[in-house]
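Here the structure comes first, spelled out in structure tokens, and everything after it is commentary.
Lettering follows sequence order; numbering is per chain, from 1.
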Amino acid sequence: MTDAIKHVELSATELSKQFNRRKIFRDLTFTVENGEVFGITGKNGSGKSTLLRILAGVLTPNSGSVAFHVDGAVIDHEKIIDIMGYAAPYLMLYEEFTALENIRFFSEVRGLPFDADKARGLLERVGLSPERRDVVHNYSSGMKQRLKLIFAILHHPPFLFLDEPTTNLDKDGIEVVYSLIEEQRKHGCVLVATNDASDIARCDRLLDVTTGAVSEGGR
Amino acid sequence: MKTMRAVWAIFLKDVRSEVRTRYAVNALLMFVITTLAVIMFSLAGEVISSSAQAGILWVVMFFAAMSGLSRSFVSEEERGTTFTLQLCAGPLGVYFGKLLFNVVLVILLNIVIVVLYLLTMDQFVINQPGLFWLVIFLGSLGLAASTTIIAAIIAKASSKGTLFPVLSFPILLPLLMAGIDATKLAVEDNVWDAAWPNLQILGAYIVVVVTASYMLFDYVWKD
Amino acid sequence: MKSTSSWWKYLLLVWIAFWSAVGIVLPIAGNLADLAYLKQVNAPGEIQVKINIDHSQPAEFDREEGMFVFQGTDGGGRTATFYVPSKPEGFDQAQSLLVEARYDEERHGVRICQVVDVDPGLTLPYIPGLEERARIIFFHVPMAWMTVIAFLVSMWYGIAYLRKHDLEDDMKSANAAGLGLLFCLLATVTGSIWAKFNWGSFWNWDPRETSIFVLLLIYGAFFALRSAIEVEEKRARLSAVYTILAFVTVPFFIFIMPRILPGLHPGSADDTSGGPVMSAGGLNAVMRVILYSLLAGFIVLFAWLMNVRNRVSRLLVRTDFEA
């Protein structure tokens, strides 16, 4: 279904969030369109991950709104999970299952038919093919991070949310992430929350969560 | 249709996970066996009334449910996979998937409890098996319905273990009272008509709790 | 800080004190139907009865009987012949009498044992089985109603929170529940004391007692849940959900079970007086006025306490925030 999409757009309007009356960030307004890699930066604790969660619709902002547009139509709140992929260090996988079983569950729960060949292709791509039948519990954190990338792109979402995508990864792994980002640019957009200089170098525009200012990125 | 597939996928995932880890099943079986053993010791062959028999049976079923049914959501929260599920499944799929798993678990559990109870308690004779099993079935559905939503609530709180029965008991009391009364009637060989008001209460209870949970689950599930 | 006028607070306290005093002081008086009922159930005893003297009929000392005999009616329009050992003081001017009397089998009349009051004012009705203990209604029933009202208020603000995500609503919800817990405890205690004197023990697991116990448990669970959640938004959301969940399941207790199950409490399924005391003819106008006046007083008291607690909560939040 994603192949037919021509134009996607994510717009955030005056987003504010506080926890227990402590302000995290205030009045963030920005728009991300297809073909873009949008970087979200800010020092530790400035609310990068909180912002990503709010954009993904799993956390409610105190004020402001988020709207997803696909080909001009606003996407219903319940349908956001179908058009959005998410990978983050704090995202946990089912560790008692193998990589293949995890992929199988994520396909089925999204209502997609499980395609063994496709799953193998994805595992090959992130370099987990030899360990595909090992339980995730025995994986290193870098290997888990690679599997999380599959979780994010399994359903070809037009919106890809990556929170510190290169943490725990070796050089090969980082290359995989960058190739995924470049590929995603062709059929959607990417939001990357990061402070890593080489990640930032890939971004078209950058948002500073603390000040709310949007600037040109390193690309 | 998509939701149905998500429900089934989550149910299967929980079943496979349970088969692999035996986390809930082992603890539950041990709980049931020890509880029944304590009851047998304390009764020491004494003859007790049918209402006391029905009451004890429901006490075992209630506390067994309290010890095992919160796993469905607490395990997701403990493993940190709640966020993962939020990203790949809608709230309806999650709720009904977990409900289905709890329903199956509690029905199997209650069958085991009743069978063990029959084996260890000679004086416990079911005179109306049809009515009796219908009551156990409806009671299981009700137990699963209310504990699923309470489990979703306490998964987000600290001191989950103690909070679960504290929050569940007042909500479950109508079910327990109707269930105990109907079980007593089934044991005493009463006609179905006598138990009819209780069956109505059990049925209405299930419908009310599932409907309310369905409407409220979104608020519990989202952070 | 602006000063707020407090005259209505004094008025409220005087109002509650006044109607409480009226509820305690007014005598309980039955009518001729109550005497007939006592005779019917073979429990002939003396009760207080209020009678109107019929001065159009002859009233004189009957030497044969050795009694002063006169005709009279009660509030319900029933007539009877009354026998009293001596002519009551001020009989000729009196319109009505408050007397201790019983049904007299031999004479088929009413035997007056003692004249309590001449031309009594307002009286409370005689309720068989309750008698003087009926006065608990003035406190117990408003407390029980306030418990439910506070619960509804708490849920109302809980729903408001779920709709608008305003922590102010959650604070009000918790404050209403706190007051509800207080009223619930008072209803339980007053009911329990009454049960000791009417049914013989403090707790009997009557369906009505079970229902107030469940409400107590729900209030307890509500606060246990709140204290177990750190994040305010999460606490607000989950406790609102729990309140609603409790609301959809407790009606089984408060409204259905006590009325379909046999029990001791007035208004149970096997209560021959038919329905709760509240709706039956058991209460007369005076009793209703006192009851509803006290209920209104307690509702205003609740609103006032709510307001005070909300202001305290706001100050606490502000000091927390500034600290």
Side-chain angles (χ1 to χ4, degrees), chain B residues 55 73 77 82 95 142 145-181 196-198 200-223, chain C residues 151 155 158-165 170 184 205 207 209-263 269:
Chain B
F73 282 102
E77 199 71 32
T82 305
Y95 172 68
S146 36
T147 50
T148 303
I149 185 81
I150 300 286
I153 292 175
I154 60 126
K156 311 266 178 191
S158 57
S159 69
K160 306 177 189 359
T162 34
L163 213 49
F164 192 47
V166 167
L167 294 199
S168 301
F169 183 65
I171 306 272
L172 275 173
L173 246 167
L175 179 92
L176 295 178
M177 291 176 79
I180 291 171
D181 201 37
W196 183 237
N198 285 315
Q200 279 178 309
I201 289 180
L202 289 178
Y205 180 87
I206 295 164
V207 172
V208 163
V209 172
V210 172
T211 314
S213 308
Y214 162 80
M215 283 158 56
L216 294 170
F217 185 72
D218 214 13
Y219 297 109
V220 180
W221 183 237
K222 286 275 186 55
D223 279 311
Chain C
F151 186 79
M155 189 184 68
I159 293 172
Y161 177 80
L162 292 182
R163 293 166 68 98
K164 291 184 298 202
H165 304 289
D170 174 59
C184 193
W205 291 111
E209 288 181 322
T210 311
S211 64
I212 198 90
F213 176 66
V214 168
L215 267 176
L216 209 51
L217 284 182
I218 285 172
Y219 276 122
F222 177 83
F223 287 107
L225 176 66
R226 289 185 72 85
S227 59
I229 307 172
E230 283 283 320
V231 184
E232 280 183 335
E233 285 86 0
K234 210 184 257 187
R235 176 166 67 211
R237 217 153 15 87
L238 296 180
S239 52
V241 167
Y242 186 71
T243 318
I244 298 170
L245 208 59
F247 173 75
V248 298
T249 47
V250 284
F252 279 102
F253 280 103
I254 298 176
F255 302 112
I256 301 172
M257 283 205 170
R259 291 199 166 81
I260 62 168
L261 291 178

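B:Lys156 is not listed as a side-chain neighbour of C:Val231, based on a closest heavy-atom distance of 4.5 Å or more. Proximity of C:Thr249 to B:Leu172: side-chain heavy atoms (C-beta onward) are nowhere separated by under 4.5 Å. Looking at B:Val209 and C:Val248, their side chains never come closer than 4.5 Å, going by heavy atoms from C-beta outward. Side-chain atoms of C:Tyr242 and B:Ile171, non-hydrogen and from C-beta on, do get closer than 4.5 Å to each other. Using a 4.5 Å heavy-atom threshold, the side chains of C:Arg237 and B:Val220 count as separate.
For B:Leu163 against C:Ala228, the heavy-atom pair with the smallest separation is CD2-CB, 3.7 Å.
Atom-to-atom distance recorded for B:Met215:CE and C:Ile244:CD1 is 8.5 Å, nearest 0.5 angstrom. Taking CG of C:Leu245 as the start and CD1 of B:Ile153 as the end, the distance is 6.0 Å to the nearest 0.5 Å.
In terms of heavy-atom pairs under 4.5 Å with chain B, the best-connected choice from C:Ile218, C:Leu216, C:Leu162, C:Leu225 is C:Leu162. Listed options B:Leu167, B:Leu216, B:Val166 were ranked by heavy-atom pairs under 4.5 angstrom with chain C; first place goes to B:Leu167.
Only the side chain of B:Phe169 has a heavy atom closer than 4.5 Å to any heavy atom of chain C.
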